[in-house]
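In the text below, chain A, chain B and the rest are named by the order of the sequence lines, each starting its count at 1. The model shown is predicted, which means the values in this text are computed figures rather than measured ones.
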Amino acid sequence: MLEKRYDPKKVEEGKYENWKKEGYFTAGDKTKQPFSMVIPPPNVTGKLHLGHAWNTTIQDITARYKKLQGYDVMWLAGMDHAGIATQAKVEEKLRSQGISRYDLGREKFLEKAWEWKKEYADNIHKQWAKMGLMLDYSRERFTLDESLNKAVLHVFKTLYDKGLIYRGERIINFDPELKTALSNIEVEYSEDKGKFYYFKYPIVDSKDYLVVATTRPETMFGDVAVFVNPKDKRYKHLIGKKVINPANEEALPIMGDEYVDIEFGTGAMKCTPAHDPNDFASSEKYNLPRIICMDLNAKMNENCGRYKGMDRYECRDELVKQIEKDGRLIKIEDIVHTVGHSERSHTVVEPMLMKQWFVKMRPLAEQALNKSSVNFVPNRFSNTFRQWMENVDDWCISRQLWWGHRIPAYYNKQTGDIIVSETPINDPNYYQDEDVLDTWFSSALWPFATLGWPNTESEDYKRYFPNSLLVTAYDIIFFWVSRMIFDSLEFTGESPFKDCLIHGLIRDSQGRKMSKSLGNGIDPIDVIDKYGVDALRYFLTTGSAPGQDIRYIEEKVQSSANYLNKIWNSARYVLESLGGDFKPVAFKFDELHEVEKDILVKLNKTIKSVTSFMDKYEYSMASSYLYNFVYDDFCSSYLEMSKVSLQKGDDEYKKVVKSVLVYILKNIIIMIYPFAPFIGEELYLALPEHKKSIMIEEYVKPLDIPENDIEQVENLYKMIQDIRNYKVSNKLAPNYKLRFIVEGESIFKGFEEYLARFSFAKEIILTSKSTSKGMRFAYKKMNLYIEDEISKEELEAKRAKDIAFLKAEIARSEGMLNNPNFVSKAPKEKVELENNKLAEFKKKLAELN
RNA sequence: GGAUGUUUAGCUCAGUUGGGAGAGCAUCGCCUUUACACGGCGGGGGUCAGAGGUUCGAGCCCUCUAACAUCCACCA
């Protein structure tokens with residue numbers, strides 16, 4: 001027997017291990033249609049947070065649902081080496097021991113990184129188990145696996161041969177702390193306080209000067225020109241002359257370009273091609289030199305005179321002091337401007353001219369825009385994808401790191417010629433590029449490289465690619481989704497997945513992003529310990545709209561747990577009422593009492609709604625239909641009715657009622673199971689007839705029965721509510737005994753005992769025509785009179801209230817029906833419905849008068 | 001500058017193809033009724049941001065406005 005209270009800890013114990021042991025997570029049943037997903041591989045950098053919990057629960061619900069529906073579900077497990085993030089963590093750890101990566105050297109450092117990976121992979125496995133994820137571990141992959149490395153090398157080589165990967169000198173975003181290049185999307189911009197420095201640039205052969213403003217004086221050593229707008233009357237005449245750079249006394253040409261904003265600053269702009277992307281573009285246009293003035297530690301280099309070796313910010317201060325001493329500082333303004341920060345280290349990135357590897361994006365993007373068949377859910381995210389693709393720049397893929405896929409490019413020591421090769425080149429005349437690839441370069445191949453590609457004859461690849469579904473948050477669309485799409489189209493000729501379900505981000509109770517610095521992060525494990533994983537899963541996946549952010553609100557997890565407790569206790573009631581070794585019997589709908597029919601009709605409707613929303617990945621809607629059924633139809637209504645059914649009928653009928661109860665319970669359990677698999681399994685195994693696990697059950701199917709509501713039962717529930725209301729408004733105790741006269745014998749016969757139980761009736765009199773003076777309540781084709789020392793005032797008040805209500809309704813109804821447009825244009829059934837209502841209202845009003 | 005989202009009960013949010021506004025929490029009243037006090041029963045509380053429009057009918061569709069949020073681009 002079930003315990004009185006749902007205890008998540010006990011319920012969860014041992015189940016996951018058992019499922020795993022039974023092999024339920026392993027795909028491969030060829031008699032079934034495949035349904036495939038790959039997990040967005042979490043970084044091996046730390047603990048999983050609520051965002052992961054949300055993301056994986058959505059997938060798990062899908063997987064469990066599809067499995068019960070009879071699909072061969074393949075949900076591939078895996079993790080990401082997360083090059084830059086992991087390397088930063090490992091270096092940080094080493095630093096705390098006083099070691100730098102250079103002390104260790106590449107190989108030793110990588111050993112440390114693999115140790116780190118192992119530790120964190122173990123953690124992640126434990127958390128997946130806690131969450132109850134039915135991941136296929138037999139196919140688990142890591143982005144640095146040899147098989148994935150093969151795919152990466154193949155992709156690199158192929159794109160290189162096609163001219164879609166090139167090595168070039170361009171302005172990239174450099175992270176001076178992690179000492180590596182970044183791609184554009186790894187830079188986050190924020191509004192920072194800064195200073196705008198106004199300097200005098202003396203004009204050569206003149207006593208005049210030009211005022212140039214800059215936020216970054218330290219880059220003045222890289223200046224090669226000053227630009228003004230040729231339409232700017234103040235400066236037009238200066239074009240062609242020269243000014244003196246106050247930082248290093250070099251003469252710079254004054255040039256004209258309409259790109260310069262006359263309104264901004266002084267209207268004169270310094271040009272630093274090696275440290276600014278726009279200036280770099282100008283240098284291409286006007287063939288200007290490019291002078292790099294910093295090294296890879298963001299320290300000033302030999303082009304900076306006595307400032308050489310200084311940190312960039314120290315140099316800025318010193319240089320400004322010097323210029324001030326020279327009498328060339330006009331003013332310093334406080335401003336707020338957007339500054340790029342490294343997504344990982346959060347340091348201010350330095351735009352720098354460097355030789356790096358790039359993916360040429362235009363052709364790949366075109367293909368992605370034209371050929372992608374990915375169905376984004378919700379659909380609006382396809383715009384997000386599209387827009388990014390339309391404006392994408394070339395992708396800087398080389399990283400000055402060690403933890404990652406090493407770039408398979410080899411340089412001739414003498415000539416510098418490059419060979420790109422999928423197999424190592426051991427020729428002593430060649431050395432391999434030191435850099436590794438951006439993590440996302442390998443993640444982009446995840447949906448197919450994990451399945452054996454580039455071996456297109458691999459069984460898994462043939463069976464499970466393209467994937468059926470990918471689930472991720474909207475902030476990953478650019479980083480990952482878009483790249484999977486263009487790589488997949490380029491290399492497999494197909495979109496990587498059919499559907500792409502996008503969810504939002506999880507925030508704290510005040511709507512703020514969860515972050516370490518705010519200290520507002522929530523550890524899923526703490527939540528699970530307190531409320532159970534099923535409650536967490538239910539909270540995460542219900543009560544929100546697709547694609548929207550959600551707030552973590554503990555009370556909602558609590559109420560989810562309460563809901564599960566409700567299901568638990570309803571199951572306990574059903575199971576305890578069965579008695580001993582009950583075997584469910586088959587029942588015929590037509591032979592059931594109306595109260596049993598009614599609940600089955602409602603269950604049927606629920607199954608249809610739930611299934612149709614589950615099919616659309618609308619888990620919130622599906623769960624809300626189930627919730628209403630469980631609470632209102634089952635627990636609050638039928639479950640109470642069944643207590644009467646179990647007393648009044650003959651033994652045969654009692655068996656039938658029990659079977660109906662078991663049937664409904666089983667259906668509820670199966671529908672709640674994808675959301676709450678642990679309690680689902682626990683309750684399922686307590687059913688009188690069950691398989692070895694709910695994981696090998698079939699999903700619920702509607703019965704082939706009529707859909708219309710059972711009128712008498714509707715009346716019964718309304719009567720009960722009216723009687724309860726009557727007692728409350730007359731300050732009578734709920735169990736106060738009253739005398740009822742029911743007018744409508746032919747309709748109500750067979751329901752007396754049901755009414756009696758809920759109304760604590762002193763007496764129920766059935767009649768076909770009543771002369772009662774008691775308070776009257778009207779229902780479809782029948783009336784109820786309550787007789788109990790009711791005062792005339794009360795009766796009159798009730799009557800007046802009813803009349804007013806009916807008159808208002810009749811007015812409303814007639815208003816609609818007198819509108820010829822409504823009658824002629826609205827659907828027939830709507831008009832008919834309104835006609836019926838009007839007739840009913842009129843009849844009731846006539847009865848009252 | 002471009003785009004997207006949000007605005008519904010005190011709070012947090014749902015709302016299916018347009019057809020009489022819902023949940024959780026909070027609140028008020030009653031109840032130790034034999035599944036559940038992590039409960040039951042009943043109640044109060046909403047000009048669905050604003051203004052137009054389409055429609056027989058709009059929380060839902062169209063246009064505009066406002067506020068908030070997010071993303072992209074620019075910022076010498």
Short side-chain N/O contact from [X] to OP1 or OP2 of [N], under 4.0 Å:
X: A:K727; N: B:U33; answer: no
X: A:N735; N: B:C31; answer: no
X: A:N562; N: B:G24; answer: no
X: A:S636; N: B:C41; answer: yes
X: A:K556; N: B:C13; answer: no
X: A:K643; N: B:A35; answer: yes
X: A:Q721; N: B:G42; answer: yes
X: A:Y259; N: B:A76; answer: no

Spacing between [X] atom [atom1] and [N] atom [atom2], to the nearest angstrom:
X: A:Y563; N: B:A35; atom1: OH; atom2: C1'; answer: 16 Å
X: A:R551; N: B:A23; atom1: CZ; atom2: C1'; answer: 17 Å
X: A:D722; N: B:G42; atom1: CG; atom2: P; answer: 11 Å
X: A:F264; N: B:A76; atom1: CZ; atom2: P; answer: 6 Å
X: A:M621; N: B:U17; atom1: CE; atom2: P; answer: 8 Å
X: A:E191; N: B:A69; atom1: CD; atom2: P; answer: 13 Å

Can you tell me how far [atom1] in [N] sits from the matching atom in [M], rounded to whole Å?
N: B:U54; M: B:G18; atom1: C1'; result: 12 Å
N: B:G2; M: B:U65; atom1: P; result: 12 Å
N: B:U27; M: B:A21; atom1: P; result: 28 Å
N: B:A23; M: B:G19; atom1: C1'; result: 22 Å
N: B:U70; M: B:A51; atom1: P; result: 28 Å
N: B:G59; M: B:U7; atom1: P; result: 15 Å
N: B:G44; M: B:A49; atom1: P; result: 23 Å
N: B:C71; M: B:C25; atom1: C1'; result: 32 Å

*Between B:A23, B:C36, B:G20, which nucleotide has the shortest distance from any of its atoms to the side chain of A:K4?*
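So the side chain of A:K4 is nearest to B:C36.
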Partner nucleotide of [N] by Watson-Crick or wobble geometry (both distances under 3.5 Å):
N: B:G39; result: B:C31
N: B:C11; result: B:G24
N: B:U6; result: B:A67
N: B:G44; result: none

*Between A:P820 and A:K270, just flag the one whose closest nucleotide in RNA chain B comes earlier from the 5' side.*
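Here A:P820 is the residue nearer the 5' end.
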*Salt bridge A:D276-A:K270, side-chain N to carboxylate O under 4.0 Å*: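 Answer for the salt bridge query: no.
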*Indicate yes or no: does A:E809 engage A:K844 in a salt bridge with an N to O separation below 4.0 Å.*
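A:K844 and A:E809: not salt-bridged.
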*To the nearest 0.5 angstrom, please state how far the OH atom of A:Y627 sits from the CZ atom of A:F675.*
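One finds 14.0 Å between OH of A:Y627 and CZ of A:F675.
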*asked:* Between A:R386 and A:N383, is there a side-chain donor-acceptor contact under 3.5 Å, judged purely by atom types and distance?
replied: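 No, A:R386 and A:N383 have no side-chain donor paired with an acceptor closer than 3.5 Å.
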*Between A:F777 and A:K798, is there a cation-pi geometry (under 6.0 Å to ring centre, at most 45° from the normal)?*
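Yes - A:K798 lies over the ring of A:F777, closer than 6.0 Å to its centre and within 45° of its axis.
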*Is the NZ or CZ atom of A:K200 positioned over A:Y209's six-membered ring, under 6.0 angstrom from the centre and within 45° of the axis?*
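Yes, A:K200 lies over the aromatic ring of A:Y209.
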Can you find an N or O donor on one side and an acceptor on the other, under 3.5 Å apart, linking the side chain of [X] with the base of [N]?
X: A:K837; N: B:G20; result: yes
X: A:R380; N: B:G5; result: no
X: A:E640; N: B:A35; result: yes
X: A:E390; N: B:G2; result: no

*Using the benzene-type ring in the case of Trp, are the ring centres of A:Y538 and A:Y563 under 6.0 Å apart?*
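Close enough - the centres of the two rings lie under 6.0 Å apart.
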